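All values reported here derive from a predicted model rather than from experimental measurement. Whatever order the structure lists ligands and atoms in, that order sets their numbers, starting from 1.
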Amino acid sequence: MASVPSLASTVQQRLAEGLSAALPEAGSADPLLRRSDRADFQANGILALAKQLKGNPRELATKVVEAIPANDVLKEIEVSGPGFLNITVSDAAIVETLAARAADARLGVPLNGSAGTTVIDYAQPNVAKEMHVGHLRSAVIGAAMVEILEFTGETVVRRHHIGDWGTQFGMLIQYLIEHPHELDHTSGDGAEVSGEEAMSNLNRLYKASRALFDSDEEFKTRARARVVDLQAGDEETLALWQRFVDESKIYFYSVFDKLDMDIRDPDVVGESGYNDMLQETCRLLEESGVAVRSEGALCVFFDDVKGPDGNPVPLIVQKSDGGFGYAATDLSAIRDRVRNLKATSLLYVVDARQSLHFKMVFETARRAGWLNDEVKAVQLAFGTVLGKDGKPFKTREGETVRLVDLLDEAIDRASAVVREKAQDLTEEEITERGAQVGIGAVKYADLSTSAARDYKFDLDQMVSLNGDTSVYLQYAYARIQSILRKAGDAKPVAHPELELAPSERALGLHLDGFGEVIAETAAEYAPHKLAAYLYQVASLYTTFYSECPVLKADTPEQVENRLFLCDVTARTLHRGMALLGIRTPERL
Ligand code: ARG
């Protein structure tokens, strides 16, 4: 494993050296290097520096250029405009750097020197409830962040904070006691139960118990008594509660499986997992004065959180009837994650509509000292999935859309696309690729816009072969694989002695920036930056491919060098897509 400094960082380094040699008084001024259309890079830092030193920027720039010793990376540095530097690197430097990347399994991407432990709270559906389109985003964005952070060397602990506790279980359990066969499986004992069947059982039971709860006062009374039993830890009641959790997990896992996501049982620590801590959490908050009793409830107040009437809206940690809610659980989870899991970062991939909740929970934890300079908490808040009409996504009947239906439709649509383009695929391969393309399309559409923004769920656009879609990237990858297969005896070999065409340079320089994009994506929790980078890889490859014949290039060395560029492109796409949770089939 060898990390490879990018050309951008090498150039930056050379400029910084030139700067301090020419102008010792400038200290460690930043040359402010950017990629540029005119040359390979542009440095704008000298303008600000000249202002600061009250000098002539063009003169300073010239002095800096003269102070940079000749070397084989920088081919040309030119002072332009009011005092910018336009920098062109040599073709050989591009190919050599890529060759160093290619020799490394991580493509030369460095590990983060100050990695810590991040607990990611994501993919948190609710027991006995259908997963809907809102649960998609948390799962997809969270899974991508897990992979990206792990790739940078971060220790990642996954937590699926499923909704598995609350008063609704009194009603469900009581109903099951009175209708004991409602969760039985038609497939008979021992046989595997489908997620579909599990969910339809739960749905039916949920609706029936709700109807009874709303219409039958006596049942309501029995259901409420059942909540008390559950909270008291009554064994029979807990065993029935566990059946709901188990049944739901069968369903969750079937959906995650369809999403091609690896969710592991030990990482599912739902709300109930913190029950034993709730009492103590409240005691600690009350004793430290962070929380106070108000009308019987234990509350935390904030100067800047007020209701429409101007009165403060507190975070309620314990209700006046003694019950604990969502906040007490989240505060206990913070204590657990910091103290027991040794987290240095807590990341919550949760709908932006819960931002106020997290703001108050984090602030409370800070006041209590559970979060501090060593441990930070961040909500990676995501926006709403909208229908084509720009309103929150609903079925024609106005109901929330079932996640499974949506995924099935995406797979159907993608399969049609794959079938139409398929040249030498078997029926079985078409089915498999259809799923990979369909699920990839859904994930990519979600990941390619910044999480905070709402986006329209538009399957036509998502499975389109042109434009910023995963299908476009997958086809670029498959096309490269097909070229590599057709190459016969010709192998990808780097030839730094060759002159590069403009589209080869553009592709090469962009591929060289992979590590920087990874670092940025990880630091900012912004998977859309990686998606945008990969799209650019595919676009630059398309240009390269249309301008530079690969197998029919002029000389055998050129064939090898272009195959080499193809190979690094494919490996970058493959790695980057995998970090986003998207497959790259070898043939499409
Ligand atoms: N189960 C919740 C929901 O469906 C999301 C849980 C988010 N995580 C947390 N620690 N509160 O809205």
Side-chain angles (χ1 to χ4, degrees), residues 118-143 145-146 156-169 172 199 202-203 206 244-245 248-249 251-253 255-256 259 261 263 267-275 277-278 281 300 315-317 324-341 343 345-366 370-371 375-385 392-393 400-404 446 451-452 525:
T118 299
V119 175
I120 307 193
D121 186 309
Y122 74 107
Q124 329 95 328
N126 299 315
V127 165
K129 297 217 181 98
E130 194 97 51
M131 288 174 76
H132 53 79
V133 58
H135 294 114
L136 174 72
R137 299 210 72 187
S138 174
V140 169
I141 299 170
M145 280 319 308
V146 168
V156 175
V157 183
R158 314 161 179 213
R159 279 293 174 265
H160 308 292
H161 196 88
I162 62 171
D164 63 356
W165 203 250
T167 49
Q168 75 276 22
F169 283 99
L172 291 168
M199 192 62 237
L202 289 165
N203 256 341
Y206 195 97
F244 282 97
V245 175
S248 294
K249 280 189 177 175
Y251 162 71
F252 296 156
Y253 288 141
V255 180
F256 289 131
L259 270 170
M261 277 179 56
I263 301 288
D267 301 330
V268 181
V269 182
E271 296 174 7
S272 69
Y274 305 95
N275 280 350
M277 300 176 70
L278 302 174
T281 298
V300 183
L315 180 73
I316 299 180
V317 189
F324 303 103
Y326 199 48
T329 309
D330 266 326
L331 287 163
S332 302
I334 291 183
R335 290 176 55 219
D336 175 58
R337 292 168 187 186
V338 174
R339 204 179 42 184
N340 303 326
L341 301 177
S345 303
L346 303 176
L347 183 61
Y348 293 79
V349 190
V350 185
D351 195 311
R353 286 170 284 199
Q354 294 190 34
S355 292
L356 182 59
H357 165 77
F358 283 104
K359 175 180 140 97
M360 296 198 284
V361 165
F362 295 164
E363 176 60 22
T364 301
R366 247 174 252 125
W370 303 327
L371 294 175
V375 196
K376 65 169 179 182
V378 176
Q379 182 192 1
L380 201 180
F382 53 79
T384 306
V385 181
F393 201 25
T400 42
V401 184
R402 292 177 359 129
L403 181 53
V404 219
D446 198 301
Y525 303 136

- Item | H135 touching ligand 1 at heavy-atom level, < 4.0 angstrom | yes
Sidechain-backbone polar pair: [X] side chain, [Y] backbone, donor-acceptor under 3.5 Å:
{"X": "Q379", "Y": "D351", "answer": "yes"}
{"X": "H132", "Y": "G134", "answer": "yes"}
{"X": "H161", "Y": "Y122", "answer": "no"}
{"X": "Y251", "Y": "M131", "answer": "yes"}

- Message: Distance under 4.0 Å to a non-hydrogen atom of V350: what atoms of ligand 1 satisfy this?
- Response: 7 (C), 8 (N)
- Message: In this structure, is the centre-to-centre distance between the rings of F362 and Y348 below 6.0 Å?
- Response: yes
- For residues H135 and F252, establish whether the separation of their ring centroids is below 6.0 Å. no
- Where's the contact between N126 and ligand 1, heavy-atom distance under 4.0 Å: side chain, backbone, both or neither? side chain
- Just let me know how F358 lines up against ligand 1, side chain, backbone, both or neither, with a heavy-atom cut-off below 4.0 Å. side chain
- Which atoms form the tightest heavy-atom contact between Y274 and S332, and what is the distance? CB-CB, 4.0 Å
Please confirm whether [X] comes within less than 3.5 Å of ligand 1 when only nitrogen or oxygen atoms on both sides are compared.
{"X": "R337", "value": "no"}
{"X": "D330", "value": "yes"}
{"X": "Y326", "value": "yes"}
{"X": "Q354", "value": "yes"}

- For atom 8 (N) of ligand 1, the protein heavy atom that lies nearest, with its residue and separation: D121 OD1, 3.1 Å
